[in-house]
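First the structure, in the form of structure tokens, and then the observations on it.
All ligand and atom numbering here is 1-based and tracks the order in the structure. Below, each value reflects all heavy atoms present in this structure, side chains not excepted, and no hydrogens, waters or symmetry copies. This structure is a prediction, so every number in the text was calculated from the model and none was measured.
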Amino acid sequence: MVRTGIATVCLSGTLEDKLAAAAQAGFDGVEVFEPDLIGSPLSPSEIRILAAELGLSIDLYQPFRDFESVPNDQLERNLRRAEAKFDVVEALGAETMLVCSNVSDDAIDDDGLAAQQLHALADRAAERGVRIAYEALAWGRHVSQYDHAWRIVQAVDHPALGICLDSFHILSRGTSLAAIADIPADKLFFVQLADAPHLVMDVLQWSRHYRSFPGQGGFDLADFTARVLDAGYAGPLSLEVFNDVFRQADPRRMAIDAMRSLLTLQESLQAGRSRHLPPPASLHGYAFVELAVEPSSVGETQRLMHAMGFVQAAQHRSKPVALWQHRGVRMLLNAGAPGAPGIAAIAVESADADRSAERAQALLAPVLSRQRSPGEADLSAIAAPDGTSVFFCRTDTGSDTRGWLQDFDPLAPIGRSASTGLIRIDHVALAQPFDYFDEAALFYRSLLGLEPRESLELAAPDGLVRSRAVSAPNGSVRLVLTVPVLAHDAAQPAGLQHVAIACGDIFLVAQRMRERGVGPLSIPDNYYDDLAARLDLEPDLIEVMREHYVLYDRTPGGEFLHFYTPIVGDRLFFEVVERRGDYDGYGAANAPIRMTAQRAPAMAKEAAFAQQGARAKPAEREGDGG
Ligand code: MG
Ligand code: MG
């Protein structure tokens with residue numbers, strides 16, 4: 001089994017906080033980052049003892065900079081510098097020290113000189129029982145590619161000198177990975193893993209601010225990792241991630257996120273290299289979505305549900321939770337939920353709910369202990385990073401298991417509700433707290449076995465919003481996660497959540513809703529004029545969309561028609577969607593229109609408010625005319 005490691009630079013807090021968080025998340029070892037050590041009140045040997053008590057090995061001390069390819073009169077001073085660090089490495093019990101390729105403008109472009117000086121360093125290291133892992137930084141002055149660093153290590157040919165392969169430095173440069181197979185296993189001293197989104201920017205800034213844990217960016221870490229393992233690398237797979245958001249997040253949470261990324265990465269490698277994870281069970285849609293509704297907005301939420309064609313079908317036997325249903329589409333309205341209003345829980349139909357829960361636990365998801373009365377169904381539930389509960393259930397259970405529906409007492413139908421043709425919950429959009437986005441995407445994806453889809457930046461009226469969709473291979477469960485690119489007030493539209501419901505005839509739903517007194521969110525005429533200008537749509541279709549405030553998107557294989565409801569409470573609305581053909585997206589192109597439309601009433605409200613304040617002399621105002 002491959003050992004796991006994490007660099008202390010990945011986590012926030014003091015060195016003690018970082019070590020405790022790494023141990024708690026189950027890492028085997030750590031890389032001690034020099035600034036963390038220098039800032040610690042603990043001596044290196046005390047750090048060694050603390051790590052040992054926590055069950056962590058110290059696998060690497062890093063970084064040692066700007067050593068090689070210097071004028072020869074500087075060599076002795078650099079070796080003295082190195083000797084002092086060997087003392088630290090020895091006291092830490094670390095064995096290996098990382099040396100990055102020189103980034104100084106004074107470095108000399110001479111591989112022979114680099115080899116000669118690294119040989120001298122390796123000699124000194126060997127005397128101390130220390131190994132040197134030489135790493136090509138992507139922005140190294142003369143050595144910036146791993147295969148170049150490897151040629152120098154080969155030329156040195158010293159048992160105390162090997163190579164460190166860092167996935168970021170290699171994949172960010174697009175260097176061919178073929179040469180990894182040529183490196184003998186005993187020269188692969190260390191491997192660092194980091195993912196990153198594809199960005200076009202200075203590679204140093206890219207590395208220092210945007211690295212992420214494997215599976216959170218755009219690099220093929222599975223291929224990279226498989227290659228180093230195939231080459232015989234036997235050391236730890238160690239995460240080295242510099243990230244602005246992670247640096248300010250709770251280190252315990254981040255360490256768990258980091259471990260989850262490694263477990264998921266290992267799962268994607270060949271069998272035998274990973275800890276056993278129960279495979280994801282196949283999902284068959286949403287069993288229900290539970291909405292936490294503050295008492296003041298219960299009425300408007302009920303009116304909206306009714307307008308959409310839902311009826312209150314049952315009441316929970318022991319909780320203030322009502323089941324609203326339209327055929328097989330089920331929503332729970334919880335008027336007594338302790339948390340913030342919004343989407344409190346999502347429940348997915350799992351072919352094997354127990355295995356889904358086991359997988360969640362193996363991926364370090366906190367299992368929720370639930371208040372449950374005798375005889376009530378024992379639903380497996382876990383807590384997502386954003387606080388949403390995730391249930392695994394089977395609504396159509398055999399006689400051996402109690403289904404969750406049996407916890408509800410059916411209500412006698414009140415009046416008749418004509419069907420609006422809602423079919424299923426299409427997707428759930430969860431706004432994430434600012435520093436939870438990458439973590440949440442990996443969480444839902446790995447636990448539920450979802451695949452990453454659209455990842456976009458959208459221009460909302462109050463700022464940029466990042467959006468990422470994840471969905472089951474069969475499209476039965478879709479989630480859209482959003483987060484403001486810059487942290488700001490969560491009450492802005494970026495913080496809104498929605499549940500999208502699929503229907504067979506979008507215009508019928510819009511019509512029925514109007515008849516029941518709740519029309520869709522109004523969309524400006526300009527939108528429809530623009531649609532007519534850029535797409536060759538039937539004018540009649542555009543007119544009926546304009547009338548019902550239906551938005552439109554299409555791909556070569558399909559179309560997407562959708563509208564939004566007004567917001568109920570502070571942060572919740574619904575979307576009704578009609579998918580035609582093989583359209584697989586979410587109408588993201590229309591999201592900025594929606595966010596602006598949602599902003600408009602808020603601004604009108606504020607303006608009305610301001611005007612009321614200014615109406616000290618109403619008669620004069622009326623006389624303004626014009
Ligand atoms: Mg590195
Ligand atoms: Mg949506």
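Residue E135 approaches the Mg ion (ligand 1) most closely through its N/O/S atom OE2. The atom name of the N/O/S atom in E240 closest to the Mg ion (ligand 1) is OE1. Distances from the Mg ion (ligand 2) to each N, O or S atom of E575 single out OE1 as the nearest. For D166, the N/O/S atom at the shortest distance from the Mg ion (ligand 1) is named OD2.
Aromatic ring orientation, H498 versus Y564: perpendicular (interplanar angle above 60°, classes split at 30° and 60°). Using cut-offs of 30° and 60° on the angle between ring planes, the pair F246 and F213 is parallel.
Residue H562 does not count as close to the Mg ion (ligand 2), with no N, O or S atom under 2.8 Å. When distances to the Mg ion (ligand 1) are checked against a cut-off of 2.8 Å, Q62 contributes no N, O or S atom below that limit.
Side-chain contact between L221 and S167 is present, with heavy atoms from C-beta onward closer than 4.5 Å. Looking at L283 and E349, their side chains never come closer than 4.5 Å, going by heavy atoms from C-beta outward.
Closest approach of A441 to V470, counting heavy atoms only: O-CG1, 4.4 Å.
The Mg ion (ligand 2) lies at the vertex of an angle of 100° between the NE2 atom of H498 and the NE2 atom of H427 (rounded to 10°).
Aromatic rings of H562 and F560 (six-membered ring for Trp) have centroids within the 6.0 Å cut-off, being under it.
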